[in-house]
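This report refers to the structure that appears directly beneath it.
We use all heavy atoms of the structure for the numbers below, so side chains are in, but hydrogens, waters and symmetry mates are not. All of these numbers come straight from a predicted model, not from anything done at the bench.
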Amino acid sequence: MPCSASQRGCRLPSPFTPSLPVAQDGDAAVAGMLHQFSAFLLTGSNNFIWLMSDNMHHQWLLLAACFWVIFMFMVASKFITLTFKDPDGYGAKQEPLILTAVTKVEEARVPEEKHWTKEFQPTGKAFTGNLLHHPLVHMERLELLRNVCRDTALRNLSHTAVSKFVLDRIFVCDKHKILFCQTPKVGNTQWKKVLIVLNGAYSSIDEIPESIVHDHEKNGLPRLSSFSDSEIKKRLNLYFKFFIVRDPFERLISAFKDKFVHNPRFEPWYRHEIAPSIIRKYRRNRMETKGLQFEDFVRYLGDPNHRWLDVQFGDHIIHWVTYVELCAPCEITYSVIGHHETLEDDAPYILKAAGIDHLVSYPTIPPGITVYNKTKVERYFSGISKRDIRRLYARFEGDFKLFGYREPDFLLK
């Protein structure tokens, strides 16, 4: 009876189990059994060889597939690397990329920018506490200076000889290789104090007596004119050089007030010698008995023949002559040109650029003292004829153009 899987004790034949006869007699039965056993061995051997061969075939296919996957991954990885690698960073440090990122962050802070009046917009932009932008600001100022110096139409207003008068204006700090050109009425007293400390005459700015600052026999500040020609040339070529500028018309107002109105240093020659000479030549109302008026002063400065009086006044004219006449900016290659209106930012930058910020600090600047005051300028020029103002501007146009100050249209039209 056939055996089924549901029957207990019934064993199903294995595919590899030979079918043995149930009943056979003698040698015939044995021979049959041997024949079937031999057939089983042959069949099993063939099956085993086929299975082994098939198994090895699969293993080789699997190994080849693994190598293919690894190879494709390497190719893809190389492609990704070449595709996304920064082309500008090849063979170079990555700092420029970091600076670019920082610049973008700083650009997002533009609302914090100082907003200047239309009449005064210094070349470039300065941001309080943001020294990252300062190199660009000062590069723009120097580039503007170079461009104006090359303008042949302004050559008579932008160029001057590097004479003894100019060399007398430049103070020397050999210890730190610094040259400072004095431009009065733009905070020069404080810069002199900085140099006095650097030269070692005093250990701190607070220790310097006010009477010493402008006494060039005692303040320890040698002038560039005191050196030989070869030494002058060497210092001009190698030293850090800077000076400060201010709106030209506002500087003239400051000079007039300081020397002819208040005269805080008690310099009587301005009122008793210079003022009478200007009044005699330029006052229109001879019945006016008051001292020197700003109108007289403007008329003197705007006169194309002003040099006749300049020679008579000597070095006292440094308080109102042009920056060109004082510092020869087109002949001397200055490292930095600071602006009085942005001095709060420019002073720390200059100290850092000169490599002395760890040795001395610029004195504290009173709030608002450096801000351009249009109202004051309008008040001082209100009673002066347009003709006289235009003549004054014609003389100082070089200063306006060289240092990025706007033409004062509100006074000229």
Under a 4.0 Å threshold between the charged nitrogen and the carboxylate oxygen, would R395 count as salt-bridged to E325? yes
Would you check if the distance from the ring center of W269 to the ring center of F313 is below 6.0 Å? no
I'd like to know if D168 and K164 make a salt bridge, using a cut-off of under 4.0 Å between side-chain N and carboxylate O. yes
How far does CG of D399 sit from OG of S158, to the nearest 0.5 angstrom? 10.0 Å
With distance as the sole criterion, is a donor-acceptor pair present between the side chains of Y405 and E341 under 3.5 Å? yes
Pair E250, Y372 - check side chain to side chain contact (heavy atoms under 4.5 Å, CB included), show working. CA-CA 8 Å; E250 193 172 34; Y372 175 76; 3.4 Å; yes
Using the ring centroid of each side chain, check whether Y323 and F396 are separated by less than 6.0 Å. no
Have K192 and H214 got a donor and an acceptor in their side chains that come within less than 3.5 Å? yes
Taking all non-hydrogen atoms of both residues into account, name the closest pair between Y362 and G187 and its distance. OH-O, 3.4 Å
Is a side-chain N or O of K241 found less than 3.5 angstrom from the main chain of L236, in a donor-acceptor match? yes
Whether the Q312 and S277 side chains hold a donor-acceptor pair (N or O, under 3.5 Å, no angle test) is what I'd like checked. yes
Trace of the side chain to side chain contact (heavy atoms under 4.5 Å, CB included) decision for V213 with I208: CA-CA 7 Å; V213 178; I208 305 173; 3.8 Å; yes
Nearest-0.5 Å distance, CD1 of residue I274 to CD of residue E267: 9.5 Å
d(C173 SG, F180 CZ) to nearest 0.5 Å is 12.5 Å
Is the F403 to H339 ring centre distance short of 6.0 Å? no
Please check if any side-chain donor atom of Y239 sits under 3.5 Å from a side-chain acceptor atom of D174, or the reverse. yes
Counting only heavy atoms not in N237, do more than 12 sit closer than 6.0 Å to its CG atom? yes
Is the shortest side-chain N to carboxylate O distance from D296 to K290 below 4.0 Å? no
If you look at every heavy atom in V186 and V245, which pair is closest and at what distance? CG1-C, 4.0 Å
Smallest heavy-atom separation, P304 atom then R391 atom, equals CD-NH2, 2.8 Å
Is it true that F400 and F249 have ring centroids separated by less than 6.0 Å? yes
Do the side chains of D258 and R251 get close enough for a salt bridge, i.e. N-O under 4.0 angstrom? no
How many angstroms lie between CD1 in I170 and CG in L326, if you round to the nearest 0.5 Å? 10.0 Å
Between E378 and S382, do the side chains contain an N or O donor and an N or O acceptor separated by less than 3.5 Å? no
Please indicate whether R265 has more than 12 foreign heavy atoms, meaning atoms of other residues, nucleotides or ligands, lying under 6.0 Å from its CZ. yes
Ring centroid separation for F171 and W191, is it under 6.0 angstrom? no
Check whether the side chains of D345 and T342 place a donor and an acceptor atom closer than 3.5 Å, and report yes or no. no
Checking H216 against R223: is there a side-chain donor and acceptor pair closer than 3.5 Å? yes
Tell me whether the NZ or CZ atom of R235 lies within the 45° cone about the ring axis of F227 and under 6.0 Å from its centre. yes
